[in-house]
Amino acid sequence: MTSFDNYLARTQQGMRRWVVICLTIIIVTGANIYYAFDVISDLAIKQRSVTNTNKIILALKDLHNALLLAESGQRGYLLTEDEEYLSHYHVAIDGLRVRVNNLLDLTTEIPDQQARIQNFIDLVKAKKQELMTTVNLAQTNREAEAVKILFTGQGHELYSKIYIAFREIESIELNMQDQLYADMAKFQKITKENITIASLISLCLIIFLLYLFQKNNRREGRYQQQLESQNKELENKVSERTLELTLYSDELSRSNRELEDFAFVASHDLQEPLRKIQAFADRIQRNYGEALDDKGRDYLERMNNAASRMSQLITDLLEFSRIKTRGNPFTDVALGDIIDQIFEDMEVSINESQATFSVSEMPKIHADSHQMYRLFMNLLSNAVKFRKHDSPPHISLSWSVEEQSVPASQMALTWHVIRLTDNGIGFSQEYADKIFLPFQRLHGRSEYKGTGIGLAICRRIVERHGGNITATSTVGQGTCFQIMLPTTTINFDDPIT
């Protein structure tokens with residue numbers, strides 16, 4: 001074997017090594033990213049559970065304290081007939097209904113706990129009725145009957161049951177909370193260990209990569225020196241060796257280009273492999289489709305669809321992440337012109353679905369025109385896509401100016417309120433918040449295409465403009481999206497923390 005052949009073999013071996021290393025780095029990096037997302041998701045779930053137990057405990061204590069205040073006012077009034085006690089009593093009685101509803105609005109995650117809470121509420125209602133009965137007797141000059149009921153001990157016995165039920169529910173929720181905190185602490189410890197191990201592995205891979213790069217440079221240097229020495233010794237055979245040296249030079253250049261390509265793919269380019277997969281899949285389907293059986297064509301189509309979904313997902317993720325960092329400056333935008341342009345761009349799908357529209361006058365706002373186009377394009381295309389099979393879609397767009405207060409302050413603002421209503425398939429209202437989260441789909445990919453990130457992009461666009469978007473829907477009766485944008489420009493271009 002000649003020196004050139006030996007070099008070529010070593011280069012190919014080195015190339016395979018680079019491929020393995022690059023793939024390993026990609027896999028390790030992808031695993032770390034997946035693990036990080038999984039950790040964040042698990043911690044968020046446990047944190048929500050802790051928050052829920054806190055709300056239940058606070059609601060229980062609030063209801064219990066209100067009951068005690070009502071009982072204190074009742075006893076004070078019955079014994080002294082002082083109207084001041086009666087005022088405290090009425091305040092507490094009026095607050096019991098609100099506090100009972102607040103407790104009923106909460107959902108516990110503990111089996112059988114809801115039944116205990118319902119029993120506690122039933123006892124509170126019975127106690128409330130007993131309090132109201134005695135006070136009403138006293139107010140109608142039947143104090144003796146009221147005091148007689150008071151001293152029977154029935155009220156005390158009823159409160160004892162309430163107190164026992166209160167302590168039992170509180171104890172169970174506190175135990176649940178302690179368990180959640182213990183799980184979170186344990187999970188945090190394991191996470192730190194795993195992240196440390198993953199970081200060490202990544203560091204070792206980088207060091208190994210640098211070592212191989214340096215070793216490859218030394219090897220190339222040695223072979224270059226050998227070639228120069230042979231060139232001096234075999235000057236009389238220059239003509240015979242010219243072709244071989246030229247081939248060697250081309251091979252070396254190709255090898256270097258391939259190394260650069262692998263480095264580029266590993267660090268920057270995610271879309272290019274997908275485009276190649278789609279291109280070659282199309283060629284196979286076009287040139288060899290008849291030679292494949294049904295299963296082969298099915299596999300090919302699935303591969304092509306998966307590559308298309310991945311490409312679209314990468315594009316959507318990039319757009320989702322750049323909404324606040326790479327948005328255009330705000331300018332005066334006529335929403336009516338934006339919507340007319342969308343109708344023109346959607347002409348094919350509108351004709352195919354036989355969709356009809358009713359659009360009221362739309363305002364001119366200070367906004368990012370590109371993002372406004374994307375916002376209404378997503379909403380209108382969804383309204384057409386998620387239609388009923390037995391009736392064409394009808395979509396209405398309305399606009400009004402309303403005054404509402406900001407939740408965290410007493411200041412009232414005027415808002416552009418735009419409502420988009422359709423007669424499509426709708427969804428259960430319990431998923432109204434879920435649909436605005438990335439990758440959340442209520443329907444299978446085989447029924448309706450998409451990446452599940454379109455509405456998340458819509459919400460982020462609206463939030464960048466200082467507004468909010470909500471949805472109300474009923475299964476089989478359609479959906480209404482409400483977009484609220486402040487009439488006074490609010491631009492949230494700061495990075496999300």
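Salt-bridge formation is not detected for the pair Arg387/Glu352: no Lys NZ or Arg NE/NH1/NH2 atom is positioned less than 4.0 Å from an Asp or Glu carboxylate oxygen.
In the model, Ser360 has no side-chain atom that pairs as donor or acceptor with a side-chain atom of Ser398 under 3.5 Å. Counted by atom type alone, Asp345 and Tyr373 present one or more donor-acceptor pairs between their side chains at under 3.5 Å. There is no side-chain donor-acceptor pair under 3.5 Å between Gln114 and Thr108.
At distances below 3.5 Å, at least one donor-acceptor pair connects side-chain atoms of Asn52 with backbone N or O atoms of Thr107. A donor-acceptor pair under 3.5 Å links the side-chain atoms of Asn136 to the main chain of Met132, judged by distance alone. One N or O on the side chain of Ser381 and one on the backbone of Asn378 form a donor-acceptor pair closer than 3.5 Å. Proximity of a side-chain donor or acceptor of Asn423 to a complementary backbone N or O of His394 within less than 3.5 Å is detected. At distances below 3.5 Å, not a single donor-acceptor pair connects side-chain atoms of Asn328 with backbone N or O atoms of Asp368.
Applying the side chain to side chain contact (heavy atoms under 4.5 Å, CB included) rule to Asp183 yields the partners Lys46, Gln179; only residues at least two apart in sequence or on another chain are considered. Applying the ring-ring contact (aromatic ring centres under 6.0 Å, His included) rule to Tyr299 yields no partners; only residues at least two apart in sequence or on another chain are considered. Shown here are the side-chain hydrogen bond (donor to acceptor under 3.5 Å, both in side chains) partners of Tyr163, two or more places apart in sequence or in another chain: Arg167. Scored by the ring-ring contact (aromatic ring centres under 6.0 Å, His included) test, Phe166 finds His64 as partners (sequence neighbours excluded).
Expressed to the nearest 0.5 Å, how far CD of Glu403 lies from CH2 of Trp415 amounts to 11.5 Å.
Identified under the salt bridge (Lys or Arg N to Asp or Glu O under 4.0 Å) test for residues 89-118, with sequence neighbours left out: Asp62-Arg99, Arg116-Glu168.
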Could you list the donor-acceptor pairs under 3.5 angstrom formed between side-chain atoms of residues 469-477 and any protein atom two or more places apart in sequence or on another chain?
from   : atom 1 : to     : atom 2 : distance (Å)
Ser473 : OG     : Phe427 : N      : 2.8
Ser473 : OG     : Phe427 : O      : 3.3
Ser473 : OG     : Gly478 : O      : 2.9
Ser473 : OG     : Thr479 : OG1    : 2.9

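Ring geometry for Phe330 versus His465: interplanar angle under 30°, hence parallel rather than tilted (30 to 60°).
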